[in-house]
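Bear in mind the structure is a predicted one, so any value in this text is a computation, not a measurement.
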Amino acid sequence: MGFIEKLEKKLFEMQDLKYRDFHSRLLPGIDKETIIGIRTPELRKFTKEYAKTPEAELFMQELPHRYYEENNMHIMIASWIKDYEKCLAEVKRFLPYVNNWATCDLPAPKIFVKHKDELLPEIRSWIASDETYTIRYGIGMLMTFYLDEDFRPEYLKMAADVESEEYYVNMMIAWYLATALAKQWDATIPYLEERKLSEWVHRKTIQKAIESYRITPEQKVYLKTLRK
C-alpha cells in the first residue's frame with residue numbers, strides 16, 4: 001500500500017457521513033464523492049501530526065489531490081511553513097488547484113505578517129488572475145493583512161476594480177468592502193455613495209455591513225439609505 005492509500009485509509013476512519021451530506025450542500029459544483037466528511041478541527045489536529053512525518057513532503061508533491069480534505073490538508077501544511085520564500089512558493093504552486101471557497105478561505109500563513117511589502121506584488125498578481133479562487137485568495141489576503149495599520153486607499157481600488165461574473169469573486173469583494181467599512185469607513189464609504197461598484201456588489205456590501213457587529217447603529221441607518 002502506497003503512502004497516499006495509507007493516508008486516505010486514515011482519513012476515511014474519521015469520516016462522518018452526516019457531516020459530509022451537510023457540508024457537500026455548501027460546496028456546489030464539487031462532486032460529493034470527492035468529499036470524505038471530516039470536521040475541520042479534527043482534520044486540523046490530524047494534519048498537525050501528519051505534517052511532522054516524512055510522508056508529508058511526498059504528499060505536498062502529489063498534485064492534484066483526489067479528495068477535498070487532502071486539498072485542505074495541503075493548504076494547512078503550506079500555511080504553517082515558517083520560511084517565507086518556501087511558504088509563498090508552496091501557496092503559489094497550489095493555488096491553481098483550489099476549486100472551492102472553503103479551501104480558499106482557510107487561515108492565511110502567519111509568516112505573511114512579517115513580509116507584507118514583499119507580499120503585495122504577489123497579491124496584485126493573484127487579483128489580476130483569470131482563476132476564480134486565485135482572485136478570491138488575493139482579495140482575502142488584502143482583507144486579512146492590509147486593513148489596519150498597513151492600510152492604503154489604493155488597496156480598496158484593487159478590489160473594487162475587479163470585474164467578474166463569478167459569484168465567489170463578487171462575494172469576496174463585498175466581504176472585503178464590508179470589512180473595510182468597519183475598519184476604514186471614511187476611505188470606503190465613497191465607493192457606495194458614488195456608485196463605483198456593480199449593483200450586485202453594492203447591495204451585497206451594504207447587506208454584509210449591516211449584518212456586522214462592528215458597524216455602528218448610526219452607520220447602519222446611513223447604509224440603508226444607500227441601498228436604492
Practice problem: Quick one: list whatever passes salt bridge (charged side-chain N to carboxylate O under 4.0 Å, His left out) with D31, sequence neighbours left out. | Solution: none
Quiz item: Quick one: does V98's side chain get under 4.5 Å of N71's, heavy atoms only?
Solution: no
Practice problem: Measure the spacing between CD of E33 and OG of S24 and express it to the nearest 0.5 Å. | Solution: 9.5 Å
Practice problem: Would you sort out whether D83 and I111 count as a side-chain contact (heavy atoms from CB on, under 4.5 Å), showing the intermediate values? | Solution: CA-CA 7 Å; D83 177 87; I111 192 65; over 6 Å; no
Self-check item: Non-hydrogen atoms of A209 and L181 that approach each other most closely
Solution: CB-CD1, 3.8 Å
Practice problem: Report yes or no: do I81 and L88 belong to one cluster of Ile/Leu/Val/Met/Phe/Trp/Tyr joined by side chain heavy-atom distances under 4.5 Å? | Solution: no
Quiz prompt | Residue pairs fulfilling side chain to side chain donor-acceptor pair (under 3.5 Å) with at least one residue in residues 167-179, sequence neighbours excluded | solution = none
Quiz prompt | Pairs touching residues 163-187 that satisfy salt bridge (charged side-chain N to carboxylate O under 4.0 Å, His left out), sequence neighbours left out | solution = D148-K183
Quiz item: With sequence neighbours excluded, what pairs up with K114 under the side-chain hydrogen bond (donor to acceptor under 3.5 Å, both in side chains) test?
Solution: none
Exercise. Could you pull out all residues at least two apart from K86 that satisfy side-chain hydrogen bond (donor to acceptor under 3.5 Å, both in side chains)?
Key: none
Practice problem: Evaluate the criterion side-chain contact (heavy atoms from CB on, under 4.5 Å) for residue pair N72 and Y67; output intermediate values, then yes/no. | Solution: CA-CA 9 Å; N72 287 355; Y67 293 104; over 6 Å; no
Quiz item: What's the spacing between F94 CZ and T103 OG1 if we round to 0.5 Å?
Solution: 6.0 Å
Exercise. Identify the two heavy atoms, one from M141 and one from W126, that lie closest to each other, and give their separation to 0.1 Å.
Key: CG-CZ3, 4.1 Å
Quiz prompt | Ring geometry between F59 and H74 (parallel below 30°, tilted from 30 to 60°, perpendicular above 60°) | solution = tilted
Throw together a table of side-chain donor-acceptor distances under 3.5 angstrom for residues 37-53, partners on residues two or more places apart or in other chains.
from	atom 1	to	atom 2	distance (Å)
T47	OG1	L43	O	2.7
E49	OE2	K52	NZ	3.4
T53	OG1	Y50	O	2.6
T53	OG1	E55	OE1	3.4

Quiz item: In terms of side-chain heavy atoms, does H23 have a donor or acceptor partner in Y68 at a distance below 3.5 Å?
Solution: yes
N/O donor to acceptor pairs below 3.5 angstrom from side-chain atoms of residues 149-156, sequence neighbours left out:
from	atom 1	to	atom 2	distance (Å)
D150	OD2	K116	NZ	2.6
E154	OE2	R124	NH2	3.2

Quiz item: Residues two or more places apart in sequence or in another chain: which of them pass side-chain hydrogen bond (donor to acceptor under 3.5 Å, both in side chains) with E122?
Solution: K92
Quiz item: Would you say R66's side chain and T34's backbone share a donor-acceptor pair under 3.5 angstrom?
Solution: no
Quiz item: Does a side-chain heavy-atom distance below 4.5 Å link V91 with P109?
Solution: yes
Practice problem: Could you pull out the closest heavy-atom pair between S79 and A108, with the gap in Å? | Solution: CB-C, 4.4 Å
Quiz item: Between I127 and I123, is a side-chain contact (heavy atoms from CB on, under 4.5 Å) present by the stated rule, with each step listed?
Solution: CA-CA 6 Å; I127 291 176; I123 290 175; 3.7 Å; yes
Practice problem: Given side-chain contact (heavy atoms from CB on, under 4.5 Å), test E85 with E118 step by step and report yes or no. | Solution: CA-CA 10 Å; E85 294 295 343; E118 301 102 303; 5.8 Å; no
Quiz item: Under 6.0 Å from the CZ atom of R20, do we count more than 12 heavy atoms belonging to anything else shown?
Solution: yes
Quiz item: For the atom pair OH (Y137) and CD (E131), what is the distance rounded to the nearest 0.5 Å?
Solution: 15.5 Å
Self-check item: Straight-line distance of K196 NZ to D161 CG, nearest 0.5 Å
Solution: 9.0 Å
Quiz prompt | Shortest non-hydrogen contact from C87 toward A78 | solution = SG-O, 3.3 Å
Practice problem: Kindly compute the distance separating OG1 (T205) from CH2 (W200), expressed to the nearest 0.5 Å. | Solution: 8.5 Å
What side-chain donor-acceptor pairs closer than 3.5 Å can you find for residues 2-11, not counting sequence neighbours?
from	atom 1	to	atom 2	distance (Å)
E5	OE1	G2	N	3.2
K9	NZ	E13	OE2	3.3

Exercise. Write out all pairs satisfying salt bridge (charged side-chain N to carboxylate O under 4.0 Å, His left out) with one or both partners inside residues 102-113, taking only residues at least two apart or from two chains.
Key: D105-R136
Taking only distance into account, with no hydrogens and no angle test, what donor-acceptor pairs under 3.5 Å do side-chain atoms of residues 210-224 form with protein atoms, sequence neighbours excluded?
from	atom 1	to	atom 2	distance (Å)
E211	OE2	Q207	NE2	3.2
S212	OG	R214	N	3.0
T216	OG1	Q219	N	3.0
T216	OG1	Q219	OE1	3.3
Q219	OE1	T216	N	2.9
K220	NZ	I210	O	3.1
K220	NZ	S212	O	2.9
Y222	OH	E193	OE2	2.5

Exercise. Rounded to the nearest 0.5 Å, what's the gap from CG on L177 to CD1 on I189? Could you check?
Key: 10.5 Å
Practice problem: Find out whether I206 and L226 are in side-chain contact, i.e. whether some heavy atom of one side chain is under 4.5 Å from a heavy atom of the other. | Solution: yes
Self-check item: More than 12 heavy atoms from other groups under 6.0 Å of CZ on F12
Solution: yes
Quiz item: Going only through I, L, V, M, F, W and Y residues with side-chain contacts under 4.5 Å, is there a path from I36 to L17?
Solution: no
Practice problem: Mind checking side-chain hydrogen bond (donor to acceptor under 3.5 Å, both in side chains) for E90 and listing every partner two or more places apart, or none if nothing turns up? | Solution: R93
Practice problem: Taking all non-hydrogen atoms of both residues into account, name the closest pair between S129 and I135 and its distance. | Solution: O-CD1, 3.2 Å
